[in-house]
Visitor: 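After the structure tokens below, expect a handful of questions from me.
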Amino acid sequence: QLSVPLNGINPGVTSLAYTEKLNKIEIPITASYEIVFRKLHYYLRAGISAAKVTRVSGEPTLQYSESNSVALRPLSGESQDMNSYRKNMLYSGIIGVGIGYNIPRGVLMFDIRYKLGLNNLVVSNKRYLNQNLINRFYYIDDDFTLNTLSFAASYYFSVYTPKKQR
């Protein structure tokens with residue numbers, strides 16, 4: 001969600017909140033380097049990711065100053081289809097670290113990953129074409145990338161029982 005103060009544009013409007021939802025199908029490719037020390041597994045991870053954007057929608061909301069709040073409720077726009085204003089593909093670099101702990105019949109893992117967006121999501125030559133957002137909500141797309149930080153905990157277990165060979 002993006003929240004922008006709007007000073008000097010319209011005396012009754014104080015801020016714009018713009019929430020955008022992006023759906024994607026992503027294929028990450030990573031390689032990891034693991035160091036095992038007794039029951040602990042330490043590892044570093046690096047890689048790349050490509051994602052196909054399937055749907056993008058945005059919803060703007062104008063907030064009015066308190067002097068106008070009695071007469072004017074926040075102006076919320078309908079959900080806008082933003083697919084034509086966003087690029088179809090997203091590319092990211094991935095780095096991460098993790099630790100695993102051997103427990104009976106499995107490994108308990110903790111992982112931290114950071115994905116750095118490598119390309120701009122906005123189609124630059126279409127940023128001024130959405131007249132509804134510009135004229136009604138005072139919003140113009142800015143360039144941005146999608147960066148994410150994720151934490152994960154997992155448990156891997158064996159579904160087989162190995163037998164010693166003689």
Side-chain angles (χ1 to χ4, degrees), residues 1-6 15-63 76-134 137-162:
Q1 179 175 345
L2 171 71
S3 184
V4 179
L6 298 173
S15 68
L16 161 73
Y18 179 76
T19 304
E20 186 164 294
K21 295 178 183 175
L22 184 139
N23 297 338
K24 60 184 177 164
I25 298 172
E26 186 169 16
I27 299 175
I29 299 172
T30 62
S32 61
Y33 178 74
E34 185 174 346
I35 300 169
V36 179
F37 182 72
R38 296 185 185 164
K39 288 189 168 192
L40 292 176
H41 300 252
Y42 301 97
Y43 61 91
L44 299 171
R45 181 180 308 272
I48 58 171
S49 172
K52 168 75 172 120
V53 175
T54 58
R55 183 174 186 273
V56 185
S57 63
E59 186 173 328
T61 304
L62 285 179
Q63 298 292 326
S76 181
E78 64 280 350
S79 183
Q80 305 270 324
D81 180 15
M82 299 298 289
N83 285 329
S84 61
Y85 305 103
R86 299 292 177 260
K87 294 190 177 164
N88 292 329
M89 293 296 295
L90 306 177
Y91 301 100
S92 302
I94 302 171
I95 57 171
V97 295
I99 187 169
Y101 182 70
N102 282 345
I103 56 177
R105 292 190 51 103
V107 180
L108 184 61
M109 305 288 287
F110 298 96
D111 186 55
I112 299 172
R113 291 185 194 181
Y114 182 73
K115 285 201 287 187
L116 175 68
L118 300 177
N119 64 323
N120 176 23
L121 273 68
V122 175
V123 178
S124 298
N125 59 354
K126 291 186 176 183
R127 95 175 60 233
Y128 299 107
L129 297 181
N130 193 333
Q131 293 300 308
N132 183 41
L133 284 178
I134 294 170
F137 294 97
Y138 313 111
Y139 179 75
I140 297 175
D141 264 340
D142 200 2
D143 292 341
F144 66 93
T145 60
L146 186 63
N147 303 322
T148 59
L149 178 65
S150 62
F151 302 93
S154 57
Y155 174 69
Y156 297 98
F157 60 93
S158 298
V159 293
Y160 66 93
T161 53

Visitor: Decide yes or no on side chain to side chain contact (heavy atoms under 4.5 Å, CB included) for Asn130 and Gln80, but give the supporting numbers first.
Guide: CA-CA 10 Å; Asn130 193 333; Gln80 305 270 324; 3.8 Å; yes
Visitor: Within a strict 4.5 Å, meaning less than it, do heavy atoms of the Ile103 and Tyr155 side chains meet?
Guide: yes
Visitor: Under 4.5 Å between any side-chain heavy atoms of Phe144 and Glu20, yes or no?
Guide: yes
Visitor: Using a 4.5 Å cut-off on heavy atoms from C-beta on, say whether the side chain of Glu34 contacts that of Tyr42.
Guide: no
Visitor: Mind listing the closest non-hydrogen atom pair of Asn119 and Thr145 along with its distance?
Guide: O-CG2, 3.2 Å
Visitor: Under 6.0 Å from the OH atom of Tyr128, do we count more than 12 heavy atoms belonging to anything else shown?
Guide: no
Visitor: Taking the side chain as everything from C-beta on, heavy atoms only, tell me whether Ile27 gets closer than 4.5 Å to Ser49.
Guide: no
Visitor: Would you indicate whether the side-chain heavy atoms of Ile48 and Tyr91 approach each other to under 4.5 Å?
Guide: no
Visitor: Please report the closest heavy-atom contact between Gly100 and Met109, naming both atoms and the distance.
Guide: CA-SD, 3.5 Å
Visitor: Taking atom CG of Leu149 as the centre, does the number of heavy atoms from other residues, nucleotides or ligands within less than 6.0 Å exceed 12?
Guide: yes
Visitor: Can you find a heavy atom in the side chain of Leu133 that is under 4.5 Å from one in the side chain of Ile140?
Guide: no
Visitor: So, Tyr139 versus Asp141: side-chain donor-acceptor pair below 3.5 Å or not?
Guide: yes
Visitor: Quick one: does Asp142's side chain get under 4.5 Å of Val122's, heavy atoms only?
Guide: no
Visitor: Is there a donor in the side chain of Tyr43 and an acceptor in the side chain of Asp111, or the other way round, less than 3.5 Å apart?
Guide: yes
Visitor: Tell me the closest heavy-atom pair linking Lys126 and Tyr85, and the distance in Å.
Guide: O-CD2, 3.5 Å
Visitor: More than 12 heavy atoms of other residues, nucleotides or ligands under 6.0 Å from OH of Tyr114: yes or no?
Guide: yes
Visitor: When you compare the side chain of Val53 with that of Asn23, does any pair of heavy atoms fall below 4.5 Å?
Guide: no
Visitor: So how far is it from Phe137 CZ to Asn132 CG, rounded to the nearest 0.5 Å?
Guide: 6.0 Å
Visitor: Could you work out, with salt bridge (Lys or Arg N to Asp or Glu O under 4.0 Å) as the rule, every residue matching Arg127, not counting sequence neighbours?
Guide: Asp143
Visitor: For the residue pair Arg45 and Thr30, confirm or rule out a side-chain donor-acceptor distance under 3.5 Å.
Guide: yes
Visitor: Salt bridge or not for Glu26 and Lys115, using N-O below 4.0 Å?
Guide: yes
Visitor: Of all heavy-atom pairs between Ala51 and Lys24, which one has the smallest distance, and what is that distance?
Guide: CB-CD, 4.0 Å
Visitor: What pair of heavy atoms forms the shortest contact from Val159 to Arg105, and how long is it?
Guide: CA-NH2, 4.3 Å
Visitor: If only atom types and distance count, is the side chain of Asn147 paired as donor or acceptor with the main-chain N or O of Leu116 below 3.5 Å?
Guide: no
Visitor: Of the non-hydrogen atoms in Met89 and Ala50, which two are nearest, and what is the gap between them?
Guide: CE-CB, 4.3 Å
Visitor: I'd like to know whether His41 forms a side chain to side chain contact (heavy atoms under 4.5 Å, CB included) with Ile35, so could you lay out the CA-CA distance, the side-chain angles of the two residues, the decisive distance to 0.1 Å, and finally the verdict.
Guide: CA-CA 6 Å; His41 300 252; Ile35 300 169; over 6 Å; no
Visitor: Is the NZ atom of Lys87 crowded by more than 12 outside heavy atoms at less than 6.0 Å?
Guide: yes
